[in-house]
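Every chain is numbered from 1 and lettered A, B, ... according to where its sequence line falls, protein lines coming before strand lines. Side chains included, hydrogens not; waters and symmetry mates left out as well; all remaining heavy atoms used.
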Number of protein chains: 2
Amino acid sequence: MTKKTKIRQTGCPVAFGLDIFGDRWTLLVIREIMLRGKRTYSEFMEMEEEIATNILIDRLKALEAEGLVNKTRDPENRRSFLYALTKKGRDLAPILLEIIIWSGAHDARSFALTDVLEKIEADRDGFEHELRSE
Amino acid sequence: MTKKTKIRQTGCPVAFGLDIFGDRWTLLVIREIMLRGKRTYSEFMEMEEEIATNILIDRLKALEAEGLVNKTRDPENRRSFLYALTKKGRDLAPILLEIIIWSGAHDARSFALTDVLEKIEADRDGFEHELRSE
DNA sequence: ATTACATCTTGCAAAATGCAAGCTAATTTA
DNA sequence: TAAATTAGCTTGCATTTTGCAAGATGTAAT
């Protein structure tokens, strides 16, 4: 796994968060799990943004190392693994939510998750609770 | 300015947001403006995370190009410029807020903005409103 | 005219990302 | 039971981004 440069241990919570998920891919993997119910390496590989295999595995390992996901063998397919969010990972829900709201407000073309946006607008707390619950 | 690769125009609002602020520095610059009242290039250079001059100017130009900040000459010091958040930029407040909350919950060492965290816990909406207002 | 301040630019090194190919283990098919 | 397939990686190398150090430009004070 690529050594993650953390020059940011300044005690600032913004910097702390960015050290963990402030890159171009981590939150997209979280999105796949949280919003789309993806659970396996090959399911993640199907995301439309075309993540490279080495980057994906790197992010999955980093997420596991940081305690945001855990990895278990799939009992129903023993050559597969299941990645699931921990509480620490599920707690990213409000951040993802606010990003979606911001983009909804500022990008005319945010069409892909329109249904999600509508749900959020109708009942933000309900939607958030839905995301956080396993 | 470094050409920003936006391979992510998939319509997903999460990807859209990350294309704009999903890197290791952009949200730290926003933090400087929003939480610390910084307004000039040299004030940004003083941040404790030690951003390089070329990266800083690159992010400022990108933020301006995306319409998140605007740049004006300082009327009181004509060799300086003032960077200020636009509405689109101020609308990032809830995202920053949620990052702070997440780190507050998951990092034992998030001491630097403890006062901010306490304010948020006491009155989230009030604090958010305070951030958003110029 | 000289110095200082504030903002930026440039060149090069290091690190992260991206791409293509291939490798390993578990399982299915012939 | 040997060959093919599936799932999850690993590796090597090219490209892009980031980081570092030095210097250039424009404004203002002495």
Side-chain angles (χ1 to χ4, degrees), chain A residues 1-10 15 18-29 32-33 38-66 69-84, chain B residues 1-10 15 18-29 32-33 38-66 69-84:
Chain A
M1 171 170 43
T2 308
K3 194 192 85 184
K4 200 156 187 182
T5 35
K6 289 195 186 174
I7 40 161
R8 307 279 205 49
Q9 309 218 354
T10 52
L18 294 178
D19 264 345
I20 293 175
F21 52 76
D23 70 278
R24 297 176 80 57
W25 290 108
T26 300
L27 286 181
L28 291 186
V29 174
E32 292 300 295
I33 307 178
K38 305 278 184 72
R39 294 180 305 165
T40 68
Y41 177 93
S42 28
E43 283 174 336
F44 300 143
M45 277 309 295
E46 288 163 6
M47 73 169 92
E48 66 268 48
E49 286 89 1
E50 314 225 307
I51 188 169
T53 58
N54 55 340
I55 304 292
L56 174 58
I57 197 67
D58 186 86
R59 290 316 118 96
L60 287 172
K61 284 180 181 172
L63 282 170
E64 208 190 349
E66 292 289 353
V69 306
N70 58 45
K71 179 184 180 182
T72 54
R73 260 194 194 283
D74 184 345
E76 286 166 19
N77 177 0
R78 292 213 16 101
R79 63 186 146 177
S80 190
F81 295 90
L82 298 178
Y83 291 90
Chain B
M1 172 170 43
T2 308
K3 195 191 84 184
K4 200 157 186 179
T5 35
K6 290 194 185 175
I7 40 159
R8 310 280 206 44
Q9 310 219 354
T10 52
L18 293 178
D19 263 345
I20 293 175
F21 53 76
D23 70 278
R24 297 175 80 55
W25 290 107
T26 300
L27 287 181
L28 291 186
V29 174
E32 292 300 296
I33 308 179
K38 304 279 184 74
R39 295 180 304 166
T40 67
Y41 178 93
S42 27
E43 283 174 335
F44 301 143
M45 278 308 296
E46 289 164 5
M47 74 168 92
E48 66 268 46
E49 286 89 2
E50 313 226 308
I51 188 169
T53 57
N54 55 341
I55 304 292
L56 174 57
I57 197 67
D58 186 87
R59 293 314 120 94
L60 287 172
K61 283 180 181 173
L63 283 170
E64 206 190 349
E66 293 289 352
V69 305
N70 59 44
K71 178 185 179 180
T72 55
R73 260 194 194 281
D74 185 345
E76 288 167 17
N77 176 2
R78 292 213 16 102
R79 61 188 148 177
S80 190
F81 294 91
L82 297 178
Y83 292 91

For dT7(C) and Arg73(B) - does any side-chain N or O of the residue sit under 4.0 Å from the phosphate oxygens OP1/OP2? no

Do any side-chain nitrogens or oxygens of Trp25(A) fall under 4.0 Å of OP1 or OP2 in dA16(C)? no

What integer distance in Å separates [X]:[atom1] from [N]:[atom2]?
{"X": "Leu18(B)", "N": "dT17(D)", "atom1": "CG", "atom2": "C1'", "value": "17 Å"}
{"X": "Ile55(A)", "N": "dA20(C)", "atom1": "CD1", "atom2": "C1'", "value": "14 Å"}
{"X": "Arg39(B)", "N": "dT7(C)", "atom1": "CZ", "atom2": "P", "value": "11 Å"}
{"X": "Asp58(B)", "N": "dC8(C)", "atom1": "CG", "atom2": "C1'", "value": "12 Å"}
{"X": "Glu50(A)", "N": "dT17(C)", "atom1": "CD", "atom2": "C1'", "value": "15 Å"}
{"X": "Ile51(B)", "N": "dA21(D)", "atom1": "CD1", "atom2": "C1'", "value": "16 Å"}
{"X": "Arg78(A)", "N": "dT28(C)", "atom1": "CZ", "atom2": "P", "value": "12 Å"}
{"X": "Arg59(B)", "N": "dC8(C)", "atom1": "CZ", "atom2": "C1'", "value": "15 Å"}

Sugar-phosphate or base contact per nucleotide [nucleotides 3-15 of chain D; S, B, -; heavy atom under 4.0 Å]: --BBSBBBBB---

If we only count heavy atoms from C-beta on, is the [X] to [Y] side-chain gap below 4.5 Å?
{"X": "Arg39(B)", "Y": "Tyr83(B)", "answer": "no"}
{"X": "Phe21(A)", "Y": "Glu66(A)", "answer": "no"}
{"X": "Thr26(A)", "Y": "Ile20(A)", "answer": "no"}

Sorted by chain and residue number, the side-chain contact (heavy atoms from CB on, under 4.5 Å) partners of Asp74(A) (sequence neighbours excluded) come out as Glu76(A), Asn77(A), Ser80(A), Leu82(A)

Could you give the distance from CE (Met45(A)) to CG (Leu56(A)), rounded to the nearest 0.5 Å? 6.5 Å

Strictly below 4.0 Å, N to O, side chains only: are Lys38(A) and Glu43(A) in salt-bridge contact? no

